[in-house]
**Student:** 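Have a look at this one before I ask anything.
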Amino acid sequence: MHKDLAIKVENLSKVYRLYDKSVDRLKELVHPLRKKYHKEFYALNDINFEIKKGETIGIIGKNGSGKSTLLKILSGVVTPTSGKVYVLGRISSLLELGIGFNPEFTGIQNIYLNGTIMGCAKRDIDDKVDEILSFADIGDFAYQPVKMYSSGMFARLAFAVAINVDPDILIIDEALSVGDVAFQSKCYRKFNDFKKAGKTILLVTHSLDSIIKYCDRGIVLDKGIKIEETSAKEAVDIYKRLMVDCYFDQEEKINDEDKKESQKIIWKNGIPVNPNYLEYGNRKAEIIDAGIFDSLNKLSNTLENGEFFEFRIKVRFNETIQEPIFAYVIKDIKGTEITGTNTLIESEVTGVFHKGDIAYVKFKQELNLQNQSYMVSFGCTNYTLEDFEVYHRLYDFFIFQVISNKSTSGVFDPKSQIYIERI
Amino acid sequence: MPKPMINIIKQFCLFWIDLIKSRRLILDLTINDFRTKYLGSYLGIMWAFIQPSITILIFWFVFEVGFKSKPMDNCPFILWLMAGIIPWFLFSEGVMNATNSILDNSYLVKKVSFRVSVLPIIKILSALIIHVFFLGVTFLMFFILGYRPNVYSIQLIYYLFCLSVLVIGISWATSSLAVYFRDTNQIVSVFLQFGFWLTPVFWSFDILPVKYYFIVRLNPVYYIVQGYRESLIYHEWFWNSPNITLYFWVETLALFFIGAILFKNLKPYFADEL
C-alpha cells in the first residue's frame, strides 16, 4: 500500500444471509445435502476506492445503500464476505449514533471504559477527561448513567470521546444530526482542526450542506454499489437525482438531439449556459427555455445588487397536468443553497395544462446578494396523489455574477439602514 | 515431537503471552464487569462478599448444627464440603457468566473493534475474585477448626490454573454458540445441574462400586474437586497421581483447542448476529 494512503478498499463485498426462521440456520448447518435455506442480500457489492491521508470524504446514499455497513467494515467491527481492506493508522469511529457505551455506567466511567478499549493508558485518559467533558458540555450529567441522557447528550459525549483519543482516521456515521446547531458548528470547527493536522475523516450524513462544505470528495453508494466517486458537489447532485429515481435514466435522455434543439432557442443563446449543468426528470413537462432578465428587461448574466430582475422559463407540457409547480433555486458556487422559491410556496394557482401547451413563467424579485458568482436552477415538479414527481429539472443552469458597490459580510445584503445619534 | 504437536504447544504459549500483554485491558474490564453486576444496589460490591458468606453460613448451620453430619475421613463435614464446593462454584459461575459474555457486551462488540476473545476471560476473572474471597473464608474456617495452612496449600494455585484453562475452553465454545443459538445458556445451565450431582461434591467417591470409578473420572471437574481436598485435607501432591493428571490435561487441552477454534471461526460474524 502506498505511503500516502490512509484507506484502500479492494473488491469489497458483504453478503448477509437472510433466514425466514432462525431454525433454518441450524437446519442449513446440519443438512446432509447442503440445502440452502437462506436468501443472499448484498449490502456491499464489489466496492473499490482509495483515500489519501488528510482527505475528508463524504459517503452518501439513500437508506439501505450500504453506507453504514461500509463504515462498520472499515472500523473492523464487521467482517467482509470477500475483498480486502487496508487501513493505516488508528481509527476512532462513531457508528450509528453510538460508541461502545455501557448504558448503566456514568459518563465518566464510560470515558474510561472507552479509553481503555482504545488502548489508552489511564494517565492519558486522566489528562483528557476535562477536555472531553468541556467539549461534550453535559454538565452534571457526567455523573449520571448514560441511559439517562437525551440523544443529543449521548451523541455529544460520544463525539467528544471519539475525537479525543487522538485517532489518525475518524469515522462519523450520522452522529452529528442529533446535536443542536451550536454543537454541530463546534464539531465542524473540530473537523477543520483535524484536517489541518492531516487526519483523515470519513463522514456519513444526510446533511448535504456539510458534505459540500467539509468534504474534499464524495462517494455515492446505491444498493451496495459504488455509483460515483467525485467532487463533493457533484456527489451531492448525483445523490439528489438518486433520491427522485432519476439518475439511471438520465443518460439516455440527454442525447444530442435534445441539446441541439435547445440551442435553437433564443434566451439560452443570449447568455452562456453552464457547461456542467445537470438535467433530469421524467419529461412529462419540459423546460424548453430559460433566461435571466435585468431591470432593463434585457437578457444578462450580470446583475446589480438592489435592482429588480426576473427569471423566465418556458415549459412545454407533454401530458395533461394539473397544478404543476414551477421553481427556481439560487446557490453559491460551492453549491450551498442561498434562496429559492416555487409556485406552491408562494400559493400561486397554476391551473391545468394540456398536452402541447407551453407555460411562460416569470419570477420577479429584488436582488439582495453580494459581490460573487451564483448559480440558478430551474424545475418543474408536482405532488401527485402519492408521490413527489420531477418532470424536469435544470440544475445550476446559469452562472450569474452580482455586482455590488459595497461588500457586507456573507452573501446576503440585508439593506440595513443605520441611524446614529449622540445621546 | 510431531510438528502439529509443537504447533499446538506454541499456540498455547502465545495465548498466555498475549493475555499478559493485554493485562491492563483485561483488568480494567474485569473491574468494570464487577461494578456493572452490583450497580444500582445500595450495598454495591459488598453483595459479592455477603452472598458467599451467607451460603457458607447456611451450609454450616444445616450440616453441623442441623444434620450433625459425621466427619468425612476424620475431617469435619463442613470443611470437607467446602473444599469441594468452592471450586465447583467457580466452575459453574465462570461457565454460566462467560456463556453470556458476548451477548451481554453486545454494545461493545457491535461498535468497537477489539479483542472479543477476552470477554469470556473477563467473566471468569470476575468469578475468580469472589472465589479468592471464598478461599479466604475457607482458610479461616480450617484455621478455627485446627487445620493450619501448610506447604500443600500452595498446590491450590496449580489447581486454580487447571480450572481456569478448563473454564476458558468450555466458555469459548459456549459463548460463541450462544450468539447463534440463544438456547445455549439454558442448555448449559441444565448441564451444570447434572454436573453438580455427577461430581463428588456432596458425596464421597468411596460410596461408588469400583467399576463405576471411570465414569466419575471422565468428568474433568472431579480432578479439581479432588485436588482441592488433597491440598487442604489429605495433603497429597498432584504428581503422586500421574495417570489422572495426564488424563485431565489431555481432556482439558482438547476442550481448550476445540473452544478456541470454534470461537475463532464464529467470531467474524458476531457483529452480524447481535
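In what follows, chains are A, B, ... by sequence order, proteins preceding strands, each numbered from 1.
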**Student:** Among A:Val78, A:Thr116, A:Asn102, single out the residue with the greatest number of heavy-atom pairs under 4.5 Å to chain B.
**Tutor:**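 Counting heavy-atom pairs under 4.5 Å, the top option is A:Asn102.
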**Student:** Considering only heavy atoms, which portion of B:Val109 lies under 4.5 Å from any heavy atom of chain A: side chain, backbone, both, or neither?
**Tutor:**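 Contact with chain A is through the backbone of B:Val109 alone.
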**Student:** Looking at residues at least two apart in the chain, or sitting in another chain, which of them share a salt bridge (Lys or Arg N to Asp or Glu O under 4.0 Å) with A:Lys226?
**Tutor:**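 If we apply the salt bridge (Lys or Arg N to Asp or Glu O under 4.0 Å) test to A:Lys226, skipping adjacent residues, the hits are A:Glu229.
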**Student:** Do you know which of A:Leu70, A:Thr79, A:Ile73 makes side chain to side chain contact (heavy atoms under 4.5 Å, CB included) with A:Val85?
**Tutor:**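 Result for side chain to side chain contact (heavy atoms under 4.5 Å, CB included) with A:Val85: A:Ile73.
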**Student:** Between A:Lys122 and chain B, which part of the residue has a heavy atom less than 4.5 Å away: side chain, backbone, both or neither?
**Tutor:**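 Both parts, backbone and side chain.
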**Student:** Under 4.5 Å, counting heavy-atom pairs only, tell me which of A:Leu113, A:Thr69, A:Ile91 racks up the most with chain B.
**Tutor:**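 Winner by heavy-atom pair count: A:Leu113.
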**Student:** Identify which part of A:Ser75 has an atom lying under 4.5 Å from any heavy atom of chain B, answering side chain, backbone, both or neither.
**Tutor:**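 A:Ser75 touches chain B through backbone heavy atoms alone.
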**Student:** For the residue pair B:Phe270 and B:Phe263, does the interplanar ring angle fall in the parallel (under 30°), tilted (30 to 60°) or perpendicular (over 60°) class?
**Tutor:**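 Aromatic pair B:Phe270/B:Phe263 classed perpendicular.
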**Student:** Counting only non-hydrogen atoms closer than 4.5 Å, does B:Ile31 touch chain A with its backbone (N, CA, C, O), its side chain (CB onward), both, or neither?
**Tutor:**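 For B:Ile31, no heavy atom lies under 4.5 Å from chain A.
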**Student:** Angle class for the B:Tyr223/B:Phe248 ring planes (parallel below 30°, perpendicular above 60°, tilted otherwise)?
**Tutor:**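 B:Tyr223 and B:Phe248: parallel rings.
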**Student:** Of the backbone (N, CA, C, O) and the side chain (C-beta and beyond), which part of A:Tyr16 lies under 4.5 Å from a heavy atom of chain B, both, or neither?
**Tutor:**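 Only the side chain of A:Tyr16 comes within 4.5 Å of chain B.
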**Student:** Between B:Tyr222 and B:Trp88, is the gap from one ring center to the other below 6.0 Å?
**Tutor:**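 No: the rings miss the under 6.0 Å criterion.
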**Student:** Under 6.0 Å between ring centres: does that hold for B:Tyr107 and A:Phe101?
**Tutor:**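 No.
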